[in-house]
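Okay, so here's the structure we're looking at.
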Protein chains: 2
Amino acid sequence: MQPARRITLTDDVYAAVQALIMDHEVQPGARINIDALARRLAVSPTPVREALARLESDGLVSKTPLVGYTATPLLTRAQFEELVEMRLILEPTAAAKAAGAGLDAGELAGLRADADLPGPEGADAIAAFTAQDARFHHTLAGLSGNRMLHDAVVRLRAHLHLFRLHFPAAHYGVSAREHHRIVDAVTSGDPDAAAAAMRDHLTAARDRHLPFFESR
Amino acid sequence: MQPARRITLTDDVYAAVQALIMDHEVQPGARINIDALARRLAVSPTPVREALARLESDGLVSKTPLVGYTATPLLTRAQFEELVEMRLILEPTAAAKAAGAGLDAGELAGLRADADLPGPEGADAIAAFTAQDARFHHTLAGLSGNRMLHDAVVRLRAHLHLFRLHFPAAHYGVSAREHHRIVDAVTSGDPDAAAAAMRDHLTAARDRHLPFFESR
DNA sequence: CGATCAAAGATCCTATAGGATTTGCCACCG
DNA sequence: CGGTGGCAAATCCTATAGGATCTTTGATCG
């Protein structure tokens, strides 16, 4: 068993800054002051600097030499289209591979549990919905059996999560139903059906989110 | 015009450590001593630590808390299969998109120039071949027009480059011919043909590299 | 009145030092 | 002779301080 106390400050700082950006406590495009951030988290600038370097590779912050770090701006319409295209490349294949992997009952049960989405109640309904949606896609990619594919999907989710919090409301029931259709195809071991279900889900989600960009 | 002098040490250290690992000056799986590395590069540990954090996101080193960094071990057979599968997901799509992008003459000329591969002469023939091969795939992915797709392809190349240096000899002429077949398809604006040419190239390259794992 | 230049403030970048933890080695015991 | 416990060295991790650079503010000149 592992001790509960923290091991490295860098990991904590990394998670803290990630949460700060995800929750928009630091506005997209805003400058990030290293010293101020270190004081706020009650640590020295060194681990902060290290965490920011990792976050830069994740695409959540960008660095300008001798100027400082800035939070990545929100996705533009073009970047959103790229993101959807990228998901359409990766995730249907991941779903197909999961369907053909011969998963055991436990894995299928876990996936089915992740497919359910929280309802529109509660204070942080959008955040909760987004997190659970991410968890489902994340889990499914992991069940593909290809670690690199899994990592690529996870890397994309960060961007999506970031910009999604600005949506007023998601179509909770519809998304959950689409998720379960994917799970059914995976359970029955039909790769083509799983890929098709995922494709439909992604394009439908794309159409649901698109009106957001009209109002900007 | 930009001054020639270095701006940030971290970027230089990042490139230096990357070269060290690529050229196997640090053996795969070997521990990386931060202090020793800092002395060797004549800098302080702080920028070294920052560069290593970025390299960890790239997958070239892995960190164990309170123990240190280690160079990523060579690819196993299973990881190699995953890598090929990942390339087969990404790169044929990238080629198809480049073929349908309506590239101008200059872009096509640049791509065609990158398709040529250096011959088996010279001291670092393998390294030169690998670098040029990477440049071709890199350029093609960039011409797809999707920046995220481009980044994903580039991220994969690092692993490939790393493990490829252990191959005794590559099939120089064959690879170059396959490259040119891809360029031809892209030039004629045929997405399906471009994707097929890329698929054939990747599977052929896979078969050429596979004997390596038998002898381990 | 607008633009340019200079100086002050803030910030980043790098270096050095000390505390905490792990690892390797050696003696000791069963 | 093999296994266990403890000690010392090496290493990582964090904090603090100083030099270099950029941004901003204010004043001066055209």
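Labels below follow one simple rule: chain letters A, B, ... track the order of the sequence lines, proteins then strands, and each chain is numbered from 1.
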Item to check | B/R54 and B/T10 side chains, donor-acceptor separation under 3.5 Å | outcome: no

Item to check | Separation of C/dC13 P from B/E50 CD (nearest whole Å) | outcome: 7 Å

Checklist outcome for this item: Closest to the side chain of A/V67, out of C/dT14, D/dC22, C/dT21, is D/dC22

Checklist entry - Quick one: A/D11 CG to D/dC12 P, roughly how many Å, whole number? => result 16 Å

Next on the checklist: For a quick test of reading the model: is some side-chain N or O of B/T46 closer than 4.0 Å to OP1 or OP2 of D/dT14?
Outcome noted: no

Checklist outcome for this item: The side chain to side chain contact (heavy atoms under 4.5 Å, CB included) partner of A/L41 among A/D12, A/V13, A/L9 is A/V13

Checklist outcome for this item: All heavy atoms of B/S62 vs all of B/T72, minimum pair found to be N-OG1, 4.3 Å

Next on the checklist: If you assign A/Y69 and B/P45 each to the DNA chain C nucleotide with the nearest heavy atom, which residue ends up on the more 5' nucleotide?
Outcome noted: A/Y69

Checklist entry - Are B/S44 and C/dT14 close enough that a side-chain N or O sits under 4.0 Å from OP1 or OP2? => result no

Checklist entry - At under 4.0 Å, does any side-chain N or O of A/T10 touch on OP1 or OP2 of D/dT14? => result yes

Checklist entry - Are A/R135 and A/D116 within salt-bridge range, i.e. N to O under 4.0 Å? => result no

Checklist entry - So, A/H179 and A/D114: side-chain donor and acceptor under 3.5 Å apart, yes or no? => result no

Checklist entry - Do the side-chain N or O atoms of A/R49 get closer than 4.0 angstrom to the phosphate oxygens (OP1, OP2) of C/dC12? => result no

Next on the checklist: Suppose we screen for side-chain contact (heavy atoms from CB on, under 4.5 Å). Which residues come up paired with A/L108, at least two apart in sequence or across chains?
Outcome noted: A/L103, A/V186, A/T187

Item to check | Rounded interatomic separation in angstrom, taking CG from B/L66 and C1' from C/dT22 | outcome: 8 Å

Next on the checklist: Expected output is a numbered-order residue list: members of residues 27-37 of chain A with a heavy atom under 4.0 Å from any atom of DNA chain C. What is it?
Outcome noted: A/I32, A/N33, A/I34, A/D35

Checklist entry - What is the distance from CG of B/L9 to P of C/dT14, rounded to the nearest Å? => result 4 Å

Next on the checklist: Can you measure A/L52 atom CG to C/dC12 atom C1' for me and round it to whole angstrom units?
Outcome noted: 12 Å

Next on the checklist: Taking the minimum atom-to-atom distance to the side chain of B/K63, which one of D/dC13, D/dC22, D/dT16 wins?
Outcome noted: D/dC13

Checklist entry - Roughly, in whole Å, what's the span from CZ in B/R39 to C1' in C/dT14? => result 17 Å

Item to check | Beyond-backbone contact of A/L37 with A/V26, side-chain heavy atoms, under 4.5 angstrom | outcome: no

